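Worksheet: the structure to be examined is printed underneath.
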Amino acid sequence: MFSIDTGSGFWNPILWVLVIIIAFLMMYILRSLGRKDYRKTTEQIKPFLSGNPELEKDKMHVRGSNLYWGFRESLKGFYNVLLKLHSGNTSDYILWFVVIMAIFFIIIGVI
Amino acid sequence: MIFNIPFIAVAALIIIGLYAVIFRKNLIKTVIGITIIESGVNLFLITLGYREGGVPPIYTNLPEDVSIPRGMVLPVPQALTLTSIVIGVAVLALMLSLVIHIYRVYGTLDVRRIRRLRE
Amino acid sequence: MTSIEYIIDHSPALIIAIPLLGAFLTPLVSRLGSRIRNVFVIIVAMLTAFLVFLLASDVFSDGIRTYIFGSQDLTTPVVRILFEVDGISIFMAIISVLLSLLAAIYSWSFMKKYDGLDKYYTLLLLMTAGMLGMELTGDMFNFFVFLEITSISSCALIAFWTHKGEAVEAGFKYIVVSAVGALFVLFAVALLYGQYNALNIATLANTIQYSFLDKIAFVLLITALGMKAGLVPMHMWLPDSYSQAPSSVTLILVGATQASLYGVFRMCFTLYGGVFADGILSSMTVGWFIVVLALVTILIGVTMAIIQTDFKRLIAYAAVAELGYMFLGIGVGLTAMGTSYGKTALDGGVFHILNDALDVGLLFLVAGSIYYATKERDLDRMGGLARNMRYTSMFFIIGLLAVAGMPPMNGFASKLLIYESTYQLSPILSIIAILSSILLLAVFVKVFHSVFMGPELPRFRDVQEVPRSMLLAMGIIALIIIVIGLIPGIVVENIVQPAANSLVNHLDYISHVISIGGV
């Protein structure tokens with residue numbers, strides 16, 4: 001009922017649910033081992049930045065395009081080609097269609 | 001040879017249409033290109049409907065010896081073509097109305113400049 | 001004959017007729033008030049869904065069902081259209097009808113502020129009718145007609161916000177691509193008709209010779225439908241139109257794309273199934289071609305998704321990658337035709353259609369909710385929204401885990417089937433697929449961080465949770481995702497495997513039509 005057979009193995013989500021439950025239990029235990037003197041109303045909730053003053057909220061947030069810039073930087077050559085291909089030109093869309101059609105026809109016709 | 005002329009025309013129309021869609025820069029010409037492809041396909045359908053020595057399925061003008069309905073040509077390609085033409089008109093109207101809207105916002109019909117959406 | 005049997009008997013026709021009739025009644029009903037119109041549309045969608053489920057239970061227990069439009073007398077050569085419903089058709093119909101029902105519920109609040117809604121709902125129901133028609137029909141020309149109905153109505157819906165130039169541009173690109181694609185499909189249909197004098201898929205599949213013209217028809221059909229399904233490098237219309245359409249429309253567009261994917265399945269496995277089975281055309285050749293394109297689709301979809309800054313465009317590229325997994329399933333299924341792992345790959349591919357529709361659909365709805373609440377779609381301008389939009393962020397986590405194929409979500413179950421079967425074909429393919437899946441997780445972690453995490457931004461202090469109808473639509477999808485994730489065994493055995501079997505046993509599809517008189 002729960003498991004599926006993949007031919008060379010199987011997958012049973014119930015096992016994984018057990019793993020998740022255990023993980024949550026461990027998380028709960030670790031959390032309950034934490035400090036008891038934490039109060040939400042005091043200045044304890046303020047972020048601690050190695051003693052530096054906190055900037056205004058808008059500048060503190062790590063924006064979407066800041067993430068993975070290294071990935072993009074190291075694959076610059078690949079992305080330059082890729083972005084050039086995604087030209088946004090309607091004619092190119094149809095051109096790709098014709099090109100793929102031609103390639104497919106050559107493959108089927110020759111082989 | 002003479003019977004192949006419609007098929008040559010079909011191929012020519014489709015290739016001309018594709019050429020217009022791919023290499024012309026004006027949106028109106030792109031639309032015209034699609035219409036030309038459509039005419040090519042419709043011509044192909046109509047050409048397939050031709051049966052040598054066939055009798056058209058018009059009941060009021062039948063020769064004496066034709067048995068109904070077996071002796072008559074089945075008008076399927078004609079029906080297909082009519083449907084296809086109707087659909088083509090709808091697509092054409094939709095495309096032209098979008099072109100009008102694009103011209104209002106972008107102020108141009110050059111396909112190279114209408115690409116705010118890319119990458 | 002009891003009345004329920006009578007309804008099941010006529011349900012293939014009713015499934016098309018009810019949304020079609022409902023579509024053209026909507027402008028009249030909307031005269032009575034917007035609330036009545038919304039209820040009317042939801043009732044029409046629910047009625048259609050009910051009929052689809054009724055037909056599904058019948059098809060899964062009793063096998064293929066046909067419905068004849070036109071003359072019942074099979075001896076004279078008259079024109080008729082045949083609907084033929086087998087496992088894969090009804091499987092796709094379930095997905096489509098589910099998506100359009102959810103879109104109708106979601107639209108209640110999402111589209112409330114805009115006018116012209118009578119046209120919007122008319123087009124929505126028309127699109128539903130078109131998709132269902134594509135999936136249930138057994139006739140090539142009818143397939144083309146429904147393909148065009150779907151294209152026209154979805155194009156009008158993509159460009160629904162005509163005051164935005166981008167939306168109109170996306171609509172224009174979509175209609176150009178669909179019109180050219182559909183015309184080539186029609187050309188292929190004409191090529192087949194000219195040779196075999198038939199339009200019925202089963203009759204054609206029975207007599208197909210694989211002549212030179214059939215080769216051309218095959219290439220035209222697969223490429224044109226592949227373009228409409230978003231196969232790289234013909235995918236570029238997909239991010240444009242997915243990102244510019246209103247979110248509720250994008251949800252159905254996912255279904256429309258998959259209806260084209262169904263076309264690829266049907267043409268490969270049923271129409272040309274005999275050609276592959278007899279070895280006239282090597283299924284290895286076509287299979288490897290599709291496998292290679294599928295891998296390129298996955299890779300380009302994922303790598304393009306990473307660098308996007310527009311929320312919906314990012315999800316659209318992720319959807320391209322997900323489509324690649326389905327094509328991988330078909331490709332491996334074709335390459336290893338007849339082996340047991342080929343069948344597993346096909347199961348995985350078919351199962352992934354359902355999972356992708358739900359996962360990607362949920363993410364698009366979340367993106368729409370964010371847009372509704374903040375009027376913002378740029379990832380760089382969002383942040384800290386989890387504080388005010390608690391349920392939406394929860395739904396996003398569910399969608400994120402599912403789309404990235406994390407266990408125990410439903411996406412994992414289908415991806416595992418694809419990975420393990422692909423591994424037996426070639427380990428490299430499977431490694432690339434798994435790595436791309438990890439990248440997909442990375443992409444959505446980025447989105448989750450930049451949208452929901454971080455400090456509370458002053459601009460979004462007053463952001464409210466979205467209205468109830470939108471939460472309801474997202475909640476239903478999230479619930480289905482979790483349920484399928486927990487009981488994949490039942491789903492695979494009862495729904496997915498019959499669907500995949502009906503693809504593999506193309507002779508059943510043919511013999512059923514021959515047994516009732518052919519043509």
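Note that the structure is a prediction, hence the values are computed from the model and not measured. Lettering follows sequence order; numbering is per chain, from 1.
Annotation: residues 163-176 of chain C contacts chain B through G165(C), E166(C), V168(C), E169(C), A170(C), G171(C), F172(C), K173(C), I175(C), V176(C) [non-hydrogen atoms, separation under 4.5 Å]. Residues of residues 81-89 of chain B having a heavy atom under 4.5 Å from any heavy atom of chain C, listed by number: T83(B), S84(B), I87(B).
Between the CG atom in D240(C) and the CZ atom in R115(B) there is a gap of 11.5 Å [rounded to 0.5 Å].
The neighbour count for Y103(B) OH, taken as heavy atoms of other residues, nucleotides or ligands under 6.0 Å away, does not exceed 12. Within a 6.0 Å radius of CZ in R116(B), other residues, nucleotides and ligands contribute more than 12 heavy atoms. Other residues, nucleotides and ligands place no more than 12 heavy atoms under 6.0 Å from the CG atom of D115(C). Heavy atoms from other residues, nucleotides or ligands lying under 6.0 Å from NZ of K215(C) number more than 12.
Heavy atoms of F187(C) lying under 4.5 Å from chain B belong to its backbone as well as its side chain. Heavy atoms closer than 4.5 Å to chain C are found in both the backbone and the side chain of I102(B). Both the backbone and the side chain of L117(B) come within contact range of chain C, judged by heavy atoms closer than 4.5 Å.
Contact count versus chain C (heavy atoms, under 4.5 Å) is highest, among V10(B), L18(B), T30(B), L48(B), for L48(B). No other option in L191(C), D310(C), V189(C) has as many heavy-atom pairs under 4.5 Å with chain B as L191(C).
Summarising the geometry of A190(C) relative to L45(B), their closest heavy-atom pair is CB-CD2, 3.7 Å, with the distance given to 0.1 Å. Contact record, I37(B) with L183(C): CG2-CD1, 3.9 Å, taken as the closest heavy-atom pair.
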*side chain to side chain contact (heavy atoms under 4.5 Å, CB included) evaluation trace for F141(C) with V76(B)*: CA-CA 11 Å; F141(C) 188 74; V76(B) 173; over 6 Å; no

- [ ] Take L80(B) and L199(C), measure what side chain to side chain contact (heavy atoms under 4.5 Å, CB included) needs, and give me the verdict at the end.
- [x] CA-CA 11 Å; L80(B) 303 192; L199(C) 286 169; 4.0 Å; yes

